[in-house]
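Written below as structure tokens is the structure these notes are about.
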Amino acid sequence: MNGPPSSSFAAFDVSKSDRTDALTVVGLTVTYRIRGRDREVLQDVSFRVRRGEAYGLVGESGCGKSTVAMATLRYLPRNGKVKAGKIVIAGEEVHKLGADALRSMRATTVSMVYQDPGRALNPSLTIARQVSEAFEATGLARDEALHRTLEMLKRVRIAAPERVMDSYPHQLSGGMQQRVVIAMALASNPALLILDEPTTGLDATVEAEVLDLVAQLRAELGTAVLFISHNLAVIGRMCERVGVLYAGKLVEEGATQDVFARPRHPYTVGLLRCLPTAARNKDSERLDTIAGALPLPGSITQGCVYAERCRLADERCRREAPPPYRLGAPHGDQMARCHYHERAIELPHAATSPAPSLATSAGAPSRGSSSPVLRARNLAKTFHVSGAPLRAVDDVSLELASGETLGLVGESGSGKTTLARLMLGLLSPDAGGALELDGAPLAARVTRRSDEQLKSLQIVFQNPDSALNRAHSVKRLIGRALARFTALRGPAIDERLVTLTDAVRLPERYLDARSRQLSGGLKQRVAIARAFAGEPRVVVCDEPTSSLDVSVQAAILNLLADLQRERGVSYVFISHDLHVVRYVSDRIAVLYLGRLLEIGPAAAVFDGPQHPYTEALLSAVPTLPGDGASGEPGRRARIRLAGELPEPGAMPSGCVFHTRCPRKLGAICEQQDPPFVEAGGDADPPAAHRIRCHIPVATLRALQREPRHDDARDPTNGSDSDDASRNAS
């Protein structure tokens, strides 16, 4: 029956849940002491994680997800305290434990994996020492702990575990570091594992490997998981139930399938609509956005906390805080704190308006003009690592048309950022490479480029904190770029600055603010405004949205599309998120070990046929339930790549991908570098779809249409290779 319960949504039997649940949180209210005043950052939060269950906690940055984890482990900072509520882990009430009992619980019952494994590992200790300490904390002797360490590293699928044990954290990739941290967390066989954004910053294949590992170990050990993330697709894949936090309140909860299929709160609806999907691209549909920002902690005293951002809100919402309505759903009860939960799915879309004009001259060039704005020929870059040569970019040639977006994809270490830096002149290419801008030679080094060339090629970095001077105001940051790249002076600069900030939808009140006072989304808008100060021809976007919430990401992607339509600017867009790449890109280039393996129109690359490496990348991408348009990665069975990237100085002969390829033919792949072949279609270069592979295109197409079963094949057993060999022959 629909309607609010008699009290909190946590009207379940608390005494019973203490015994049967891995985690029970009842009425949790947490405050932080800020400027002499207690501000509530969590308000009456209640949920349970059953033994062996995976529970997802989602919401924007600042909504309180990590505070829930910190309160659960009693890791709150000094200015934080639990004002009310109860937290029970495996039958033990956390806030009644003494120091020794709490230490024992942290050592044996609950473990946590943080977002950044590099910061969780001690850089001065070997992996063996750090992981063995986790076993020693459970009471094992040193020798036994080292033995168990080796077993655990094998269990988390780390290749060459003996070598890894003797390594230091900085000698491992991000994915390897995360697996080490998971090994440490599982040393005590905990009843509850808390994962706080464990895959943020990882590329698609490594993320998929980490998620596979968590799912496998959870099945083996029966460990309950509290999974905190702003990646809704990851939550959809990993968790049976999900809770949605907003401004410190749990606004919706239920079975993941129910919440994602028919959300009952406007905030959940908004989050889901922000996501790029297979059916959308920048030319066909703008992403929906959530207007406004989170309220300041403690600032909402009455009414619904989401009312100021909700397009369904009325006076009732601003006057009366909605109770937690409980609703029947196909997979169990669903809760929503919304007076109009039955109409939430009908939430009107955000009103769209074009970006204010940035034009200062004649109209924008049209997309796809005959002559490319940027051309790279035979670019290569070799570094020397520990005395061994590392070919980071290997003989890459490509073109970029005016008004076009070229997406660069590939695993970490594939050469994407190195290629971008070669284009920008931040690195010098090896002899034999050449760059052209509008048909004219472009100097290899940025220090030798003219002012016109400098302003024509700009970059937006992944982390705006590292690109913006924290001590300077927004007005000074953008104003310096205007003074450097335009002939404007005095009041004209101020006028142009206002136009720029309007174009990136940065409110004028932030002009005098320092970058350290801004949110991540606002900082990225400042970085984009600065990049557009000189009317660039090409902007390199290096992971510009990877650290942003989905709501902020949608606004930034819409902004980039608006600016491109208006000015005809071209983008080189680098990202691990293949959903985002598909949405923004006209063409996609796939790199592996610095080698270009595939390039073509976005739809052709995603819909196939694909290079086996591209096929594996796409299969690794998690998607939301029901997002299954043709070519969508979520419909593909997972293809697991064997082994790690080759070490520096050990570049494979023949096809660079043959050491990990699940469709390897045999000796020809090991001995001969495959040429580019046309993958179909009538498009002329540079819009043609080309694949560098020995397997004929028709065979690739047939193989990739065959149904695959996710766990039926071991990528190291050669079964796929045998199939490919038979078909190719």
Side-chain angles (χ1 to χ4, degrees), residues 158-160 163-164 167 170-176 203-206 209 376-398 408-423 426-434 444 574 576 589-599 610-617 620 639-677 690-695 715-716 718 720-721 724:
I158 285 182
R163 177 182 62 81
V164 170
S167 301
H170 72 274
Q171 297 173 306
L172 306 180
S173 67
M176 292 274 274
D203 56 56
T205 54
V206 177
E209 289 169 4
R377 292 179 177 171
N378 308 113
L379 287 187
K381 182 62 182 178
T382 304
F383 297 103
H384 287 82
V385 180
S386 301
L390 172 62
R391 192 87 157 180
V393 173
D394 187 3
D395 193 25
V396 172
S397 298
L398 48 81
L408 290 184
V409 302
E411 295 170 289
S412 296
S414 63
K416 305 184 299 296
T417 297
T418 300
L419 178 58
R421 289 178 176 176
L422 290 173
M423 295 177 182
L426 301 177
L427 293 172
S428 295
D430 296 345
I574 300 170
H576 292 314
V590 183
L591 290 171
Y592 179 78
L593 291 182
R595 198 81 163 139
L596 190 61
L597 297 187
E598 182 167 4
I599 187 168
Q610 301 115 0
H611 189 282
Y613 178 57
T614 310
E615 181 188 12
L617 286 179
I639 299 174
R640 294 170 175 80
L641 297 179
E644 301 288 334
L645 290 171
E647 296 289 335
M651 188 70 71
S653 59
C655 175
V656 294
F657 186 55
H658 85 259
T659 58
R660 302 175 71 199
C661 182
R663 300 198 185 278
K664 177 181 170 183
L665 294 175
I668 188 174
C669 298
E670 298 172 1
Q671 299 169 3
Q672 298 182 26
D673 184 19
F676 267 121
V677 295
R690 297 180 296 150
I691 297 174
R692 192 191 296 270
C693 186
H694 287 299
I695 303 174
T716 64
D720 278 337
S721 301

Exercise for review: Taking atom types as modelled, find out whether Tyr613 and Glu598 have a side-chain donor-acceptor pair closer than 3.5 angstrom.
Suggested key: no
Review point. Leu172 and Val164: side-chain contact (heavy atoms from CB on, under 4.5 Å), yes or no, with the steps?
Key: CA-CA 8 Å; Leu172 306 180; Val164 170; 4.1 Å; yes
Point to revise | Minimum heavy-atom distance between Arg391 and Asp430, given as atom pair plus value | key: NH1-OD2, 3.5 Å
Review point. How long is the span from the CG atom in Leu379 to the OG1 atom in Thr418, to the nearest 0.5 Å?
Key: 11.5 Å
Review point. Within the side chain of Ser653, is there an N or O that forms a donor-acceptor pair under 3.5 Å with the backbone of Gln671?
Key: no
Study note, to complete from the structure: The reported gap from CG in Leu617 to CG in Leu641 (rounded to nearest 0.5 angstrom) is 7.5 Å
Point to revise | Leu422 versus Lys381, closest heavy-atom pair with distance | key: CD1-CB, 4.0 Å
**Study point:** Interatomic spacing from CZ in Arg663 to CD in Glu615 - rounded to 0.5 Å
**Key:** 4.0 Å
Practice item. Give the intermediate values and the outcome of side-chain contact (heavy atoms from CB on, under 4.5 Å) for residues His576 and Ser412. Key: CA-CA 8 Å; His576 292 314; Ser412 296; 3.6 Å; yes
Check your understanding: Which atom pair, heavy atoms only, marks the closest approach of Ser167 to Arg163?
Key -> OG-O, 2.9 Å
**Study point:** From Cys693 atom SG to His611 atom NE2, the distance as rounded to the nearest 0.5 Å
**Key:** 4.5 Å
Exercise for review: Check whether any side-chain N or O of His694 sits under 3.5 Å from a backbone N or O of Gln672 as a donor-acceptor pair, and report yes or no.
Suggested key: yes
**Study point:** Heavy-atom pair with the smallest gap, counting every atom of Val656 and Leu593
**Key:** O-CD1, 3.9 Å
Point to revise | Distance, nearest 0.5 Å, that separates CD1 of Ile599 from CZ of Arg692 | key: 10.5 Å
Review point. Going from CD on Glu670 to SG on Cys661, what distance comes out if it is rounded to the nearest 0.5 angstrom?
Key: 11.5 Å
Review point. Does the side chain of Asp673 reach to within under 4.5 Å of the side chain of Arg595, using non-hydrogen atoms?
Key: yes
Check your understanding: Quick check: does any side chain N or O of Lys416 sit under 3.5 Å from a backbone N or O of Gly410, one acting as donor and the other as acceptor?
Key -> yes
Review point. What's the verdict on side-chain contact (heavy atoms from CB on, under 4.5 Å) for Leu591 and Val396, showing C-alpha distance, side-chain angles and the deciding distance?
Key: CA-CA 9 Å; Leu591 290 171; Val396 172; 4.2 Å; yes
Revision key, fill the gap. Closest heavy-atom pair, Asn378 versus Ser397, reported as atoms and distance to 0.1 Å, is N-OG, 2.8 Å
Check your understanding: What closest approach, in Å, do Phe676 and Leu596 show between heavy atoms, and which atom pair accounts for it?
Key -> CZ-O, 3.3 Å
Point to revise | From CA spacing to verdict: side-chain contact (heavy atoms from CB on, under 4.5 Å), Leu419, Leu398 | key: CA-CA 11 Å; Leu419 178 58; Leu398 48 81; 4.2 Å; yes
